[in-house]
Novice: 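Below you will find the structure I want to go over with you.
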Amino acid sequence: MADDNGAHAGTWALPPHLSAPTEAPTGDQVVDADEAEEFLRIFHGENPDAGPVERRVAWVRTEIEMTGSYQHTTAELSFGARVAWRNAARCIGRLYWRSLRVRDMRAVRGATEVATQCVEHLRLAHNKGRLRPLITIFAPEVPGRPAPRIWNEQLIRYAGYRDADGGVLGDPRYVDFTSTVTSMGWQQPRERGRFDVLPLVVETPEEGPRLFPLPRTAIDEVRLTHPDHPWFAELGLRWHAVPAISNMRMVIGGVSYPAAPFNGWYMGTEIGARNLADADRYDMLPELANRLGLDTSRETTLWRDRALVELNRAVLHSYAEAGVTITDHHTESQHFLKHIDKEARAGRKCPADWSWIVPPVSGGLTPVFHRYYDTDHFKPEFVVDPDAAERGLKGCPAHYADHRPTPPEEEFKPVLWAYLRGPVATGPRAGSL
Ligand code: ARG
């Protein structure tokens, strides 16, 4: 699925041909009935057993008129989530889109229960190392009732601490997030380390943002070793097993699910060629090159490239040794072309963003490099709202304060609107931590 730090590290701007995606619906908007119908037609078209679409469309249109939104059936929800993955232009791992498991947690709204279910998500996804693609879907936004959201970019992320001389201990990407959660009351470990797992921040309109440290038992990490260099272990590197994106909004048929954490498994380069290698992340290449005894005095020795390959070997080797699912960029590139083929045979376009699909090492060695892709934009989909992107990096307390739902114009007000509105949504926000 989408990467949180892909080719354009540090910026979330999409290339022009992929930009201007869905205006993500917010809590105070009535669901677009045409978008709902468009989704229902896709669902019934691909699932002939679901029965005639017309009846369902008529029902949903009425439901939207009455309530401003509609409820997906379990089958629609599962299908919608899988297709949102299928449409994720940045994800190279989409061959497995049908295998996504869906946890329907739409009834869950309270912060504690959201956090508890995120922890359970990590356990189920990890599955003793045989990672399972999984999504947990929390309450959707319905008019007048904003839904819970998760601030963190991923369920598991490492803190970054800036020290007095400007250096960073840990993941520099999360320096601001770390200081925000610290100011909100997060107890940093007595001894700070490079891989301190950040607490979850779950925000609800009723409770404001609340912190939930993850239990150690929900976090599996792989210590990195190298197949040929025993000293590699002394570098003390490790990474978490499950990549679970938690700040993207899933939009299905006009209904918006702002909290729907999902995971697949890692492709080695995400860790070995980005997280641990990027100069603005763990920046390990210079140290590694020294340990490897490479000549770093000139670029022409290609010491960076040589160190990078060894780092990526270590990642793939260590995950395999630990029995944690991982894939390499050569295999995954082939799978991706197979996926595109399958999609074409099903009569579908496969949207893809070249700059995210081509792996960050040895691009030209993989078949995904040597071609172009459809860049159309399809729904259902996962989107990153700009404010969610910012919260994921910096945190941003009291978010709901400026997003409190405003009652719609009288003439557009769905019949049951006032009745369905949650009791606290219009009042002042309860105190935050
Ligand atoms: N690139 C992100 C990371 O390093 C993970 C994005 C999702 N990746 C995945 N294989 N599902 O943590």
Side-chain angles (χ1 to χ4, degrees), residues 1-12 81-82 84-97 99-101 121-122 125-127 129-136 150 152-160 170-174 177 195 197-198 219-222 224 237-248 250 260-278 280-284 311-312 315-316 318-319 324-329 331-333 335-336 339 352-353 355-361 368 382-384 388-389 392-393:
M1 197 22 258
D3 179 319
D4 69 343
N5 57 347
H8 309 292
T11 154
W12 268 102
R82 291 182 183 131
W85 182 10
R86 184 174 89 195
N87 289 338
R90 296 170 166 188
C91 177
I92 195 173
R94 286 177 276 166
L95 179 60
Y96 319 101
W97 68 274
S99 74
L100 180 68
R101 286 166 197 246
H121 178 116
L122 285 172
H126 180 262
N127 188 31
R130 292 175 55 92
L131 268 49
R132 300 193 266 230
L134 181 67
I135 183 166
T136 297
I150 299 162
N152 312 57
E153 281 191 333
Q154 290 191 35
L155 298 182
I156 302 176
R157 297 273 83 180
Y158 297 123
D171 194 339
R173 187 174 175 87
Y174 298 110
F177 193 93
F195 301 98
V197 174
L198 287 162
I219 305 159
D220 184 35
E221 292 174 289
V222 175
L224 300 192
L237 297 177
R238 60 192 208 220
W239 205 256
H240 52 89
V242 180
I245 306 266
S246 44
N247 70 340
M248 290 183 88
M250 182 176 65
F262 60 85
N263 73 279
W265 51 74
Y266 267 116
M267 182 163 90
T269 57
E270 298 183 81
I271 303 164
R274 303 300 312 275
N275 301 342
L276 295 178
D278 278 357
D280 57 358
R281 299 291 298 285
Y282 281 80
D283 192 21
M284 288 306 299
L311 181 53
N312 279 274
V315 169
L316 292 170
S318 311
Y319 275 64
V324 172
T325 311
I326 195 155
T327 183
D328 68 87
H329 48 295
T331 307
E332 217 47 46
S333 295
H335 287 181
F336 184 62
H339 168 66
D353 180 343
S355 68
W356 281 65
I357 295 295
V358 171
V361 281
V368 296
F382 291 102
V383 294
V384 197
L393 293 179

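Counting starts at 1 for both ligands and their atoms, following the listed order. Worth knowing before you read on, the calculation uses all heavy atoms, side chains too, and leaves out hydrogens, waters and symmetry mates. Counting from 1, the numbers follow the sequence of the chain as shown.
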Novice: Check each atom of ligand 1 against the heavy atoms of Q154 and keep those under 4.0 Å away; list them by number with element.
Specialist: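 What qualifies from ligand 1 is 2 (C), 3 (C), 5 (C), 12 (O).
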Novice: Does the ring center of Y158 lie less than 6.0 Å from the ring center of H240?
Specialist: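 Yes, the ring of Y158 comes within the 6.0 Å limit of the ring of H240, centre to centre.
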Novice: Would you find a donor on one side and an acceptor on the other, under 3.5 Å apart, between the side chain of T331 and the backbone of T327?
Specialist: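 Between the backbone of T327 and the side chain of T331 there is no qualifying donor-acceptor contact (under 3.5 Å).
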Novice: If we only count N/O pairs under 3.5 Å, is W239 in contact with ligand 1?
Specialist: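 No - when backbone and side-chain N and O of W239 are compared with those of ligand 1, no distance drops under 3.5 Å.
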Novice: With distance as the sole test, does D278 use its side chain to make a donor-acceptor pair with the main-chain N or O of D280 at under 3.5 Å?
Specialist: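 Checked: no pair found.
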Novice: So, S246 side chain and N152 main chain: donor-acceptor pair closer than 3.5 Å or not?
Specialist: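 Yes, S246 side chain to N152 backbone: donor-acceptor pair under 3.5 Å.
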Novice: Which residue is it: T269, I326, N275? I am looking for the one with a side chain to side chain contact (heavy atoms under 4.5 Å, CB included) to V315.
Specialist: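 Answer to the side chain to side chain contact (heavy atoms under 4.5 Å, CB included) test with V315 among T269, I326, N275: I326.
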Novice: Can you tell me if R274 has a non-hydrogen atom under 4.0 Å from ligand 1?
Specialist: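 No, R274 has no heavy atom closer than 4.0 Å to ligand 1.
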Novice: Below 4.0 Å from any atom of ligand 1, is there a heavy atom belonging to R157?
Specialist: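 The answer is yes: ligand 1 sits under 4.0 Å from a heavy atom of R157.
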Novice: Find all atoms of ligand 1 within a distance of less than 4.0 Å from any non-hydrogen atom belonging to W265, and give their numbers and elements.
Specialist: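 Taking each heavy atom of W265 in turn, ligand 1 has 9 (C), 10 (N), 11 (N) under 4.0 Å.
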Novice: Please could you name the atoms of ligand 1 that Y266 approaches to less than 4.0 Å, counting only its heavy atoms?
Specialist: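 So the answer, numbered in order with elements, is 3 (C), 4 (O), 10 (N), 12 (O).
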Novice: Could you check whether R281 pairs with D171 (Lys NZ or Arg NE/NH1/NH2 to Asp/Glu carboxylate O, under 4.0 Å)?
Specialist: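 A salt bridge is present here (some side-chain N lies under 4.0 Å from a carboxylate O).
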Novice: Under 3.5 Å, N or O to N or O, is N275 touching ligand 1 that way?
Specialist: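 Yes, N275 has an N/O under 3.5 Å of an N/O on ligand 1.
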